[in-house]
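First the structure, in the form of C-alpha cells, and then the observations on it.
Reckoned from all heavy atoms, side chains included, excluding hydrogens, waters and symmetry mates.
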Amino acid sequence: METNIAYLLMLSTLGFFGYVGFQATKVKELDSDEFLSARGSQDRLRIGLSLFASGMGIWVLFGPSEVGYYGGFWDVTGYAVSAATPFLLLAYVGPMIRERLPEGVTLADYVRMRLGRPMQVYVGLISVLYMFTFLFAEFTAIGKGMEILAGLEPLIPMVAVAIVTAAYTAYGGLPASLATDRIQALIVLFLVVALLLFLFGGDIGGLLADAKAYNPTDELSIGSMSYMDSFESGLALVVAITAAEMFSQGNWQRAWASESDEALKHGAWFAAALVLPLVFVMGVLGTVVAGQGAVDDPSAAFFYLIDEAGTLFIAAFIVLAVALVCSSADTLQNAIVASLTRDLSDGRMDLRLARIATIAMMPIAIYYASTMDALSVFEIFLFADLLATATVAPVLLSLWDKVSPAAALFGAVSGLLSVIIYGAYTADISTGIGYIFSPTNDWGLANLDVFLAALIGSALVTVVGSLAVPDGSR
C-alpha cells in the first residue's frame, strides 16, 4: 500500500475515534467520580462490548500467533483460556466486591477497606507496573504493525495514537473510553470475522495440514497442533496471565460502571465468550505459519499469512490495528490514573491533576515503547505477572471474613519468598532470587513451578496467619 494512503487511513480512523470520545461527554460536566467510574451507567450489552474491546489490544495480532509458532496445542489453548478467565472471575467476584463496597473504583479501594492502607499501596504499585508495561507494549505493537502493513515509520503511529487517545481520555475520562469501546468492539468483531473468513475460505485443508505439521526448518519452534506435551507451559500461561489481569484496573472500573450485578455478570460472560475463540484461532494461525517453515520474526507470525494480500485487505487491517490499539490504550490510560488517584495518592489528586497525569504519562510510554526490545518487555511482563500471582490469593481471600490484614500482606511477601525457597531447593539460593526477576524455564517460557510456588505459598501463609493471629479489630 502507498505510504501516504496508509497515513491518511490511520489518521482518519483516529480522528473518528477522537470525535466519538469527545462527543460522549461534551454536554456533561464530569466530577472526579464520574471521570474514573462512570458509576452505574452501563447495561449488560454495553459492559460486555466494553470488556471485550478493552481486553482486545493489538497484542492479539502478535501474541497468540507467536505462542502458536513456538508451542503446541496446550500453549495455544492456555493462551486462549487465560484471555477469558479474568472475565469469568470478574463475573463472580465482581458482584461480591460491589456489594461490600458500592462506591469503589479500583480493586485496591476494596483492598484498603478489608486489608488496610499498606496493602492498598502494594496492590496499587503492582497494578501500575503491570498496566504501564501493557500500555507501552501496545504502542510498540502498533508501531511494528503499521511498519509491517504499510512501511510506516514506527514512531509516527505511536505518537499519533498516544495524542488522540490521551486527548479524549483526559477530557472525557472513563465515559469517553466506554463510548469508543462500543464502536471499537463492533469494528473489531466485523473485521476479524471477515478477515478470518477470507483466510479460511481458501484452502482450509492446507491450513489445517500446516497447523498439524511440525516446523521443518526451525529447531526452536514446536509449532504444531499435534504436539500435546506442552501442558505445563500452557497451564503456566493461565496462572500467570489470569493473576496479572486481576490487577488490570480497567476491568474493575467497569465492574462499578455496570448498572447492576446481573449486567456485570452477563457482560463478563459475553466478553469471555467472544475472546476465547478469537485468541484460540489466532494461536492456531501461528502454528500454520510454523508448519510452513522458519520465519525471520516469529512475533509477527500472523502477518506472514497476509504477506501477499491486496490493497483492500491491508486497508482493512490498518483500521483493525488502530481500533485494537485505541480500545486498550484509552482503557489503560484511565485505569492507571485511577490507581494513581485512588490508591497511591490516597485520593489527593483532583480532577485537574488526573487529566494532567493522563497526558503526562504519554511521553514516558512512547520513550519505553521506542527504546525497549521485545525481550525486555516480555521480562517486565513476567516480573509483574509473578508479583500479581503472589498477591492475588491474599486479595481474593479478603472475601473470607476471617482474613487478617497483617497475614494478607505477609502472605503476599511470602509468595515471593516461596519462589526463592523453591529455587534454593531445586538448585541454589541465587537461582531462587533469579526466578523473582525472570520466572522462566530452560526454554524461556513461563515456569509453572515458580508461579505455583508463589500462588500456593501466599495462600497458605495468609490462611495460617489469619487463623493463628486473628484480626483483633473485628
Side-chain angles (χ1 to χ4, degrees), residues 1-19 21 56-63 65-66 132-170 180 184 187-188 191 195 282 289 295-333 358-381:
M1 172 178 282
E2 210 276 321
T3 302
N4 289 333
I5 296 176
Y7 277 126
L8 179 62
L9 190 57
M10 177 189 73
L11 293 175
S12 299
T13 307
L14 283 172
F16 173 68
F17 291 142
Y19 173 78
M56 285 292 97
I58 196 172
W59 62 267
V60 79
L61 299 182
F62 290 89
S65 59
E66 182 177 15
F132 192 74
T133 304
F134 202 152
L135 179 62
F136 73 72
E138 284 288 288
F139 287 154
T140 300
I142 188 61
K144 185 173 186 177
M146 296 300 286
E147 183 181 28
I148 294 171
L149 288 169
L152 273 58
E153 172 62 36
L155 186 61
I156 296 176
M158 293 182 199
V159 173
V161 169
I163 289 173
V164 173
T165 54
Y168 71 71
T169 306
T180 57
Q184 288 155 356
I187 290 173
V188 169
L191 288 178
L195 295 170
M282 293 301 293
V289 175
V295 296
D296 293 331
D297 185 3
S299 70
F302 171 70
F303 291 88
Y304 287 88
L305 291 176
I306 59 171
D307 192 40
E308 302 298 326
T311 300
L312 186 61
F313 199 81
I314 297 300
F317 253 95
I318 289 174
V319 174
L320 174 62
V322 173
L324 284 168
V325 73
C326 288
S327 66
S328 59
D330 60 17
T331 294
L332 291 164
Q333 289 161 1
T358 303
I359 296 170
M361 76 174 81
M362 290 303 98
I364 305 171
I366 292 170
Y367 170 78
Y368 281 111
S370 59
T371 58
M372 296 190 71
D373 58 32
L375 180 60
S376 298
V377 175
F378 177 68
E379 288 175 345
I380 296 174
F381 263 129

Check: Listed by chain and number, what are the ring-ring contact (aromatic ring centres under 6.0 Å, His included) partners of Phe62, not counting sequence neighbours?
Finding: Phe303
Checklist line | With sequence neighbours excluded, residues passing side chain to side chain donor-acceptor pair (under 3.5 Å) with Thr180 | finding: Asp330
Note to self: Please find the pair of heavy atoms, one from Ile306 and one from Leu149, that lie closest to each other, and give the distance.
What the structure shows: CD1-CD2, 4.1 Å
Next item on the list: Enter the distance from Ile142:CD1 to Phe139:CZ here, rounded to the nearest 0.5 Å.
Entry: 10.0 Å
Check: Can you name the residues that form a side chain to side chain donor-acceptor pair (under 3.5 Å) with Thr133, not counting sequence neighbours?
Finding: none
Next item on the list: Please report the closest heavy-atom contact between Ala316 and Leu191, naming both atoms and the distance.
Entry: O-CD1, 3.6 Å
Check: Does Thr311 have any side chain to side chain contact (heavy atoms under 4.5 Å, CB included) partners at least two apart in sequence or in another chain, and if so, which?
Finding: Met1
Check: For Ala162 and Met362, which heavy atoms make the closest approach, and how far apart are they?
Finding: CB-SD, 3.8 Å
Margin query: To check you understand the geometry: which heavy-atom pair defines the closest contact between Tyr168 and Gly18, and what is its length?
Written below: CD2-CA, 3.7 Å
Item checked: Counterpart residues, ring-ring contact (aromatic ring centres under 6.0 Å, His included), relative to Phe132 (two or more places apart) -> Phe136
Next item on the list: Could you note down all residue pairs passing salt bridge (charged side-chain N to carboxylate O under 4.0 Å, His left out) where residues 140-150 supplies at least one of them, sequence neighbours left out?
Entry: Lys144-Asp297
Margin query: Working to the nearest 0.5 angstrom, can you tell me the gap between Tyr7 OH and Leu152 CG?
Written below: 4.0 Å
Quick one: side chains of residues 318-329, donor-acceptor pairs under 3.5 Å with protein atoms, not counting sequence neighbours, listed by atom name and distance.
unit_1	atom_1	unit_2	atom_2	d
Ser327	OG	Ala53	O	2.8
Ser327	OG	Met56	O	3.3
Ser327	OG	Ala323	O	3.3
Ser327	OG	Leu324	O	2.7
Ser328	OG	Glu138	OE1	2.5
Ser328	OG	Leu324	O	3.4
Ser328	OG	Val325	O	3.3

Item checked: Heavy-atom closest contact (Val289 atom, Ala301 atom, distance) -> CG2-O, 3.1 Å
Item checked: Backbone of Ala166 reached by a side-chain donor or acceptor of Thr169 within 3.5 Å -> no
Check: Can you list every side-chain hydrogen bond (donor to acceptor under 3.5 Å, both in side chains) pair that touches residues 151-166, not counting sequence neighbours?
Finding: Thr165-Gln333
Margin query: List the residues meeting ring-ring contact (aromatic ring centres under 6.0 Å, His included) with Phe313, not counting sequence neighbours, and say none if there are none.
Written below: Phe198, Phe317
Checklist line | Nearest heavy atoms of Ala160 and Met10, plus distance in Å | finding: CB-CE, 4.2 Å
Item checked: Listed once per pair and sorted, the side-chain hydrogen bond (donor to acceptor under 3.5 Å, both in side chains) pairs that draw on residues 10-19, sequence neighbours left out -> none
